[in-house]
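Working notes, structure below.
Each chain gets a letter, A, B and so on, in the order the sequences are listed, and its residues count up from 1.
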Number of protein chains: 2
Amino acid sequence: MVQFVHPSRDDITLEGVLAALSDPMRLRIVKSMVSRHGCMSCTEAAPCPEMAKSTLSNHFRILREAGLIHTEKKGVEHRNVIRQDDIEARFPGLLRTILGFCDEPHQGKD
Amino acid sequence: MVQFVHPSRDDITLEGVLAALSDPMRLRIVKSMVSRHGCMSCTEAAPCPEMAKSTLSNHFRILREAGLIHTEKKGVEHRNVIRQDDIEARFPGLLRTILGFCDEPHQGKD
DNA sequence: TCAATAGTTCGTTATTGTTGAACTACAGAA
DNA sequence: TTCTGTAGTTCAACAATAACGAACTATTGA
């Protein structure tokens, strides 16, 4: 089963986005997804490996329901993409501004 | 007594600011303080009159400890000012960007 | 079919938010 | 000075949310 809830562009709220990004772990998840600019599985985007799977899953659900990421099933894993266009359309400059201030996590920009 | 805790400019963190602003009530408090651009007592800046004093007090404490506002005692009330310069120095454009998206609360800009 | 992998859901525990009541601090009046 | 009213804070209780491990589902490959 596992139905993914994705708000439409217009249903993305400022409070929702800020609340989702107010958690350091989620901020790092989003940051690495933006710098990668492509799909990432939940495990790939995990900010630290010792985090419980259930906690990670919860963070992705929050990001998803805030409209920050789009998730779809691809085989055994979930492919997550940042909804950069939607966020930009809704709150121009917001994501860029916020992410510009947080430190690079570890991504190698291969 | 009542010692106010104000982080120094450098101790203001992005997560702290985002967490403080991720609450709709606090967002409205900050918004009205910015548009007023002057001191406001806690009661003046209250987003809705039916909110419990203790809740309001807690919101102001969070904003204060996040470095968003500066509070000082003035007679029987507390004068709160937004630390716009500090936030701007630390995270240029952040406050302006965020506040630009949230609706005007009610302030009449007298 | 069986085992392994990627995530989700559930139940428990810990942390945080909300509220009314009691408290502190100050201002003005008597 | 003392008394009263006002502005906020602190405290204790309860409610909501977050983190975790364990059990579960779905898919892949042997």
Minimum-distance pair of heavy atoms, taken over all atoms of B/Lys73 and B/Phe4:
N-CE1, 4.0 Å
d(CG, B/Asn80; P, D/dG8) in whole Å:
8 Å
Below 4.0 Å: OP1/OP2 of C/dT8 and any side-chain N or O of A/Arg64:
yes
Which heavy atom in A/Ala20 sits nearest to a heavy atom in A/Ala66, and how many Å separate them?
CB-CB, 3.7 Å
Would you mind telling me which of C/dA6, C/dG7, C/dT19 lies closest to the side-chain atoms of A/Val76?
C/dA6
Which of these nucleotides, C/dG17, C/dT18, D/dA7, is closest to any side-chain atom of B/His59?
C/dT18
For the pair A/Glu44 and A/Arg79, find out whether any cationic side-chain nitrogen is under 4.0 Å from an anionic carboxylate oxygen.
yes
Would one find a side-chain N or O of A/His78 under 4.0 angstrom from OP1 or OP2 of D/dT27?
no
Rounded interatomic separation in angstrom, taking NZ from A/Lys53 and P from C/dG11
18 Å
Spacing between B/Glu77 atom CD and D/dG8 atom P, to the nearest angstrom
6 Å
A/Met25 CE to D/dA19 C1', in whole Å, measures 12 Å
Could you check how far CZ of A/Phe4 sits from P of C/dT9, rounded to whole Å?
9 Å
Nearest-Å distance for atom pair CZ/C1', residues B/Arg61 and D/dT9:
10 Å
Does B/Thr43 make a side-chain N or O approach to OP1 or OP2 of D/dG8 shorter than 4.0 Å?
yes
Roughly how many Å is it from CD in A/Glu72 to P in D/dT27, rounded to a whole number?
14 Å
Where the side chain of A/Ala52 is concerned, which of C/dA25, D/dA26, D/dG21 is the nearest nucleotide?
D/dG21
Which of the following nucleotides, D/dA18, C/dC26, C/dT19, is nearest to the side chain of A/Asn58?
D/dA18
From C-beta outward on A/Ser57, which listed nucleotide comes closest to its side chain: D/dT9, D/dC20, C/dG7?
C/dG7
For a side chain to side chain contact (heavy atoms under 4.5 Å, CB included) with A/Phe101, tell me which candidate from B/Val17, B/Leu18, B/Leu94 qualifies.
B/Leu94
Check the pair B/Ile98 / B/Leu27 against side-chain contact (heavy atoms from CB on, under 4.5 Å), numbers first and verdict last.
CA-CA 9 Å; B/Ile98 291 177; B/Leu27 201 54; 4.1 Å; yes
Along DNA chain D (nearest heavy atom to each residue), the more 5'-positioned of B/Ser41 and A/Gly75
B/Ser41
What is the separation between atom CD1 on B/Ile62 and atom C1' on C/dT16, rounded to the nearest whole Å?
9 Å
I want to check one thing: is the phosphate of C/dG20, taken as OP1 and OP2, less than 4.0 Å away from some side-chain N or O of B/Ser54?
no
